[in-house]
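Notes for the one structure printed next.
Only this structure's heavy atoms are used, side chains among them; waters, hydrogens and symmetry mates stay out. Nothing fancy with the numbering, it's 1 onward along the sequence.
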Amino acid sequence: MTATLTGVDVAPPVASVKRRRRVPGWLAVVPLLVFVAVAFGVPAIAMLNGAFTVKDQATGATSYSTENLTTSLQGAYLTSLIGSVKLSAISAGIGTVLGLPLAQVVVTSRFQALRNAALTASGVLANFGGIPLAFAFVATLGNAGVLTRHLGLADAGWDLYSFWGLVIVYLYFLIPLMVLTIMPALEGLRSQWREAAQNNGATAVQYWLHVALPVLLPSLLGGFVLLFGSAFAAYATAAAMVGSSVPLVTLQIADAISGNVLVGQENVALALSLDMVLVAGLVMAVYLPLQRRSARWLA
């Protein structure tokens, strides 16, 4: 770019050109990378180091070994890990199945007020957990809860402080989370696909079985993974409700760190945490390829 002065073309100063050069875009990502490295990288390195570190209780000497990992996959620790996987898988599966039709109702609703109310409620309930959630269910469906006494649930064998009671409590925040997760995918379904299916004589059930669900399957699995992770990592709600009556890996980690069962099991707790990371990694490895396939259809 040049400027004309008294009929003579004058090039702009070199310093001015340099000032106009844009700052590289990757510099904007540096703060995020630093935050991720500090918030996730440092704890991950500490977890790996502790999981493979074995301390001799007699001499205090430390060495690297797989003894902690072996211990974390035996006895009560293995039972708790299996219990957490079972609880998370069942809760996430039910939450996925129930959350899909609820999200479809919200997406197809003609009332904007209903849509806004559903989204607001889902956002609030999806983040409502911990001790307040446990207290709410204990006061409502516990042994002396309001609904338990008025509906006579105790006589029917209802027990909130059990595996299935914990599943119901988890669904309270997993279903709203599924609604928020699957709604963008439902909005990506094109109306032309439904019209084409109807023009070819397909019923609503056939459209969902052969068109909509195959396209939504990766997104559904993604929602399942998210729900699985939320239930798998939950601690406060289960600790306040069931304590040690339901074996869960998060409760075992807390007991190992605090020394409630055995003293000096802190590194076993880190090994259990590593087991949780590996389980989550395996689930994500199944989800990511399917998500790429879904993105091509919904783009």
Side-chain angles (χ1 to χ4, degrees), residues 29 32 36 84-129 167-168 170-234 276-299:
V29 190
L32 176 62
V36 171
S84 288
V85 171
K86 180 181 176 181
L87 174 65
S88 303
I90 293 177
S91 301
I94 298 176
T96 302
V97 172
L98 297 181
L100 176 61
L102 290 177
Q104 176 64 12
V105 171
V106 175
V107 169
T108 57
S109 175
R110 298 179 181 178
F111 303 99
Q112 187 65 28
L114 174 62
R115 178 186 177 90
N116 295 336
L119 289 175
T120 302
S122 297
V124 173
L125 297 179
N127 294 281
F128 183 65
V167 168
I168 292 176
Y170 278 19
L171 290 177
Y172 188 82
F173 62 87
L174 292 181
I175 293 178
L177 181 59
M178 185 62 192
V179 171
L180 295 175
T181 303
I182 200 63
M183 278 189 63
L186 289 173
E187 292 174 341
L189 293 176
R190 301 175 184 177
S191 58
Q192 295 89 335
W193 298 345
R194 180 186 291 272
E195 294 171 359
Q198 292 176 346
N199 292 335
N200 285 278
T203 63
V205 175
Q206 291 173 330
Y207 162 76
W208 277 99
L209 289 178
H210 300 289
V211 179
L213 285 180
V215 174
L216 291 174
L217 182 59
S219 298
L220 289 173
L221 290 177
F224 174 84
V225 169
L226 180 61
L227 268 60
F228 180 92
S230 298
F232 195 56
M276 294 182 65
V277 172
L278 294 177
V279 171
L282 290 175
V283 176
M284 289 298 297
V286 176
Y287 158 67
L288 290 177
L290 295 174
Q291 181 61 26
R292 296 193 191 98
R293 177 183 176 185
S294 176
R296 292 198 301 268
W297 281 95
L298 298 176

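Side-chain contact between Leu119 and Leu180: present, with at least one pair of heavy atoms (C-beta onward) separated by less than 4.5 Å. Contact check for Asn127 versus Phe173: no side-chain heavy atoms found under the 4.5 Å cut-off. A heavy-atom distance below 4.5 Å is not found between the side chains of Ile175 and Ile94.
Not counting sequence neighbours, the partners of Arg115 by the side-chain hydrogen bond (donor to acceptor under 3.5 Å, both in side chains) test are Glu187.
If you take CD1 on Ile168 and CG on Leu174, they are separated by 12.5 Å, rounding to the nearest 0.5 Å. Residue Leu87 holds its CG atom at 9.5 Å from CZ of Phe228, rounded to the nearest 0.5 Å. Atom CD1 of Ile182 is separated from atom CG of Leu177 by 11.0 Å, given to the nearest 0.5 angstrom. Taken from CH2 in Trp208 to OG1 in Thr203, the straight-line distance is 13.0 Å, to the nearest 0.5 Å.
Gly201 and Gln206 make their closest contact through O-OE1, 3.9 Å (heavy atoms, listed as atom of the first residue, atom of the second, distance). The nearest pair of heavy atoms linking Leu114 to Ser109 is CD2-OG, 3.3 Å. For Phe224 against Ala89, the heavy-atom pair with the smallest separation is CE1-O, 3.6 Å. Leu189 and Ala212 get closest at one heavy-atom pair: CD1-CB, 4.2 Å.
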Could you walk me through whether Leu100 and Leu213 satisfy the side-chain contact (heavy atoms from CB on, under 4.5 Å) test, starting with their C-alpha distance in whole Å, then the side-chain angles of each, then the deciding distance to 0.1 Å, before giving a yes or no? CA-CA 10 Å; Leu100 176 61; Leu213 285 180; 4.0 Å; yes
*Can you check side-chain contact (heavy atoms from CB on, under 4.5 Å) on Tyr170 and Ile90, steps first, answer last?*
CA-CA 10 Å; Tyr170 278 19; Ile90 293 177; over 6 Å; no
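Judged by distance alone, the side chain of Ser122 and the main-chain N or O of Ala118 form a donor-acceptor pair under 3.5 Å.
Looking at Leu98, Leu220, Leu102 one by one, the single match for side-chain contact (heavy atoms from CB on, under 4.5 Å) with Met178 turns out to be Leu220.
Within the structure, the side chain to side chain donor-acceptor pair (under 3.5 Å) test picks out no pair touching residues 88-106 (sequence neighbours left out).
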